[in-house]
Amino acid sequence: MGLEQCCYVFTKLIRILTRLDVPVHPYPYLVFQQVKYPNPFLWTALIRGYAIQGPLSESVVLYNRMRREGTGPVSFTFSALFKACGAVLDVNLGRQIHAQTIVIGGFASDLYVGNTMIDMYVKCGFLNCGRKVFEEMGERDVVSWTELIVAYAKHGDMDSAGELFQGLPVKDMVAWTAMVTGYAQNARPREALQCFEKMQEVGVETDDVTLVGVISACAQLGAAKYANWVRDVAEKSGFGPTENVVVGSALIDMYSKCGSVEEAYKIFEGMKERNVFSYSSMIVGFAMHGCAHAAMQLFHEMLKTETKPNKVTFIGVLTACSHAGLVEQGRQLFLTMDKCFGVAPSADHYACMVDLLGRAGQLEEALELVGTMPMEPHGGVWGALLGACRIHGNPDIAQIAANHLFELEPNRIGNYILLSNIYASAGRWDDVSSLRKLMRKKGLKKNPGCSWVEAKKGVIHEFYAGDTSHPKSIEIKQTLDDLLDILKAHGYQPILSSVTYDVSNEEKRRILMSHSEKLALAYGLLSTDAGCLIKIMKNVRICEDCHAFMCSASQATGREIVIRDNVRFHHFHDGACSCGNFW
DNA sequence: GTAGGGTTAG
C-alpha cells in the first residue's frame, strides 16, 4: 500500500471510530502511530477526534506537533479546532488559532474556516468579533448569514437580525426558520406568524423545526383559534404529534398555555415516543392548571419509565405541590431530588420551596430556608416570599424581601406594587405614599391591567380597567350590573380590601366593578351562547375580589369560566376554582 | 467539516 493510500485508509478508520464514539485514546491514537509519515488529513482526523471528545488541549498539542514536524494544516484542521473552542467557550484559544489562520495565509478567507470562526466567536458571546469576521470574508454563503442572524436573535436584537436577513441573497429554509424562531423567542409572536406566512408565500419548504417556532408563537398568543390552526398545519405537513416527539411536546405546552389542559393530555396520550420534554411539559401544564394530583400521578408514571426527570420536571412537581398546599410531599421531593435523581436543587427550585412554604403560611421557615441557600438568592426567591407575604398579610417580612428585590430588580414595577398592596392591606397608608413617591422618583409607571376575551370566530376583544371604549360598552355595563344583583342574592360580597387606594367604601365598590376581567366576563356573557365556556386572559394577577366574583358567577350563570393571569390558570366551575382559592 | 427546534418558578 502506498503512503497516500495508507493515510487515506487510516484517516477513514479514525473518522469512523470517532463517529462511533470510540474514545480517541487508545485505539484511534494507536492507529495513527502506525503511520510513519502522516499527511495533513490523518493529522486532522486525530485533532478532530480530540476536539470532539476532549481534552481540547490534546488537539492543540497535536496541532503544534504537526506544525513542528513540517506538515501544513488544511482548512478542515481549523474548522475542527474552532468548533472545539466554541464548544468549551474558550475564546482566548480561539483567538490564537484565528491569528494562526492569518499567519499561515489563505485560510482566513476560506468559507468553512470563516463560518466555524463566526460560530466560535458568537458562541463565546463575542458577537461583534463574529460580525467582523463575516465582513472580512472573501466568500460568504447562507450559512455565514444564518449564523449571525441567529446570534442577533439570541441577543434579543431582532432588528439587526431582520436587516441581515433582508440583505441575504438566497434565503433557504434554515434561514427563514431562524427568523420565525427568533421572533418567537423574543416574545414577538405576531411577527413570527407573519414571517411564517411569508415563508410559505415564497414557496420555501417547512419542516418540523420551523413548526416548533410557529407553535411556540401560538402558545404565546394563547388563543384557541391559532392553536387549532397550527396543529392542523403540522398534521398536514407530515410532522404530527403522534410521530414527532419535539412537535408533540411543543403542542402539549401550547395547549396548556392556551387554556386546554385536556387537549394537551390528548396529545400526550397519542404520542408514540415520549421524552423528558414531553413529560415535563405535561407536568408543568397540569401544575399551571391547578391539577396537582394529575401532575404527581404523571410524575410517578414517568419514574416507571426509562425517562429520567430533569430540573424542569422538578420545577413542575414542586409548583404543583405548592399550588395544592402539599407541603410534606414537596419537602420530600426537594430532599430527594439530588439524592435519588441526581438533580441538584438550583435557585429556581429554592424559589419553588419558598413559594410552597410561604403559601402554606410558614413565612418564617421560608425566610430561614433562603438563609441556608448555597447560592445567592435571585429575584425569583425573594419574589416568591413577597408574594406569600401578600397572601398572609405580613408587612415585616415583606419589607425584608422587597429590600432585596429593589436591589436586584430596581426597575421591576410589580415588586413595588406588591409591597404597596401589602402596606395598604395593613392600613399603613404613610408607607404606601412614600413608596409611591419612590416609584415616581424612579420614573416607574404602573403597567395597566388588561384582559382579553375570545368571542365568536376567534375575534379577540381587549379591555382595560374602567374601559368604556368598546362599542358595546353600555350593554356591558348593564350586564355587569344585572349580574352583580344576582351574585349578591347568591351571597357575594365585594372584597373592599382588594382596592389599595385610601378612598371611601363607595368608591372602592365602583373601582372593583371596573376591573378589566369583569368587563371581559360581561362581554363574554353577551357575545357567546349559553353554556359556552368563557376564556379570559389577563396580564396581571387576578385580585381577590375578582376571584370571588368569578366563583360566584360560575355558579349563578352555570358557565365555566377560565382565566389565565400572568402566572397560571383558574378554572371556575359551579362556584369553586381549581386553584382552591390558593394563588 | 459549517447554520435553525421543545419544558422553568414570583
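In what follows, every chain begins at residue 1, and chains take the letters A, B, ... in the order their sequences are listed.
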Please work out if A/R140 contacts a base, only the sugar-phosphate, or nothing of the nucleic acid, heavy-atom cut-off 4.0 Å. nothing
- Message: Taking the cut-offs as 6.0 angstrom to the six-membered ring centre and 45 degrees off its axis, would you call A/R48 and A/F76 a cation-pi pair?
- Response: no
Remember a base hit wins even if backbone is also touched, and classify A/E409 as base, sugar-phosphate or nothing at under 4.0 Å, heavy atoms.
base
Sorted by chain and number, sequence neighbours left out, salt bridge (charged side-chain N to carboxylate O under 4.0 Å, His left out) with A/E364 holds for none
query = How are the rings of A/F314 and A/F341 set relative to one another: parallel (under 30°), tilted (30 to 60°) or perpendicular (over 60°)?
reply = tilted
request  = Determine the contact category for A/S75: base if any of its heavy atoms lies under 4.0 Å from a base atom, sugar-phosphate if only primed atoms, P, OP1 or OP2 are that close, otherwise nothing.
outcome  = base
Under 4.0 Å, counting only non-hydrogen atoms across every strand here, what does A/V312 touch: a base, just sugar-phosphate, or nothing? base
* Asked: Counting distance only, does the side-chain N/O of A/R274 pair as donor-acceptor with the main-chain N or O of A/S249 below 3.5 Å?
  -> no
Open item on the list: Considering every strand and a 4.0 Å limit on heavy-atom distances, what is the contact class for A/L405: base, sugar-phosphate, or nothing?
Closed with: base
Bounded by its outermost nucleotides with an atom under 4.0 Å from a heavy atom of chain A, the footprint on DNA chain B reads B/dG1 to B/dG10
Item checked: Any donor-acceptor pair under 3.5 Å from A/S280 side chain to A/F277 backbone -> no
Sugar-phosphate, base or nothing in reach of A/V113, heavy atoms under 4.0 Å | nothing
- Query: What nucleic acid atoms does A/T44 come within less than 4.0 Å of, heavy atoms only: base, sugar-phosphate, or nothing?
  - Reply: nothing
* What does A/G380 touch in the nucleic acid at a heavy-atom separation under 4.0 angstrom: a base, only the sugar-phosphate, or nothing? -> base
Original post:
Under 4.0 angstrom, heavy atoms only, what part of the nucleic acid is A/D355 near: base, sugar-phosphate, or nothing?
Top reply: sugar-phosphate
* To do: Would you classify A/G379 as touching base, sugar-phosphate or nothing, given that sugar-phosphate means primed atoms plus P, OP1 and OP2, and contacts are heavy atoms under 4.0 Å?
  => base
- May I ask you to say what A/T181 touches in the nucleic acid, namely base, sugar-phosphate or nothing, with a heavy-atom cut-off under 4.0 Å? sugar-phosphate
| query | Under 4.0 angstrom, heavy atoms only, what part of the nucleic acid is A/K171 near: base, sugar-phosphate, or nothing? | reply | nothing
*Using the six-membered ring wherever Trp is involved, compare the ring planes of A/Y265 and A/F268 and label them parallel, tilted or perpendicular (cut-offs 30° and 60°).*
parallel
Which of A/T101, A/T44, A/T71 passes side chain to side chain donor-acceptor pair (under 3.5 Å) with A/T77? It is A/T44
Look at all strands and tell whether A/M117 reaches a base, only sugar-phosphate, or nothing, counting heavy atoms closer than 4.0 Å. nothing
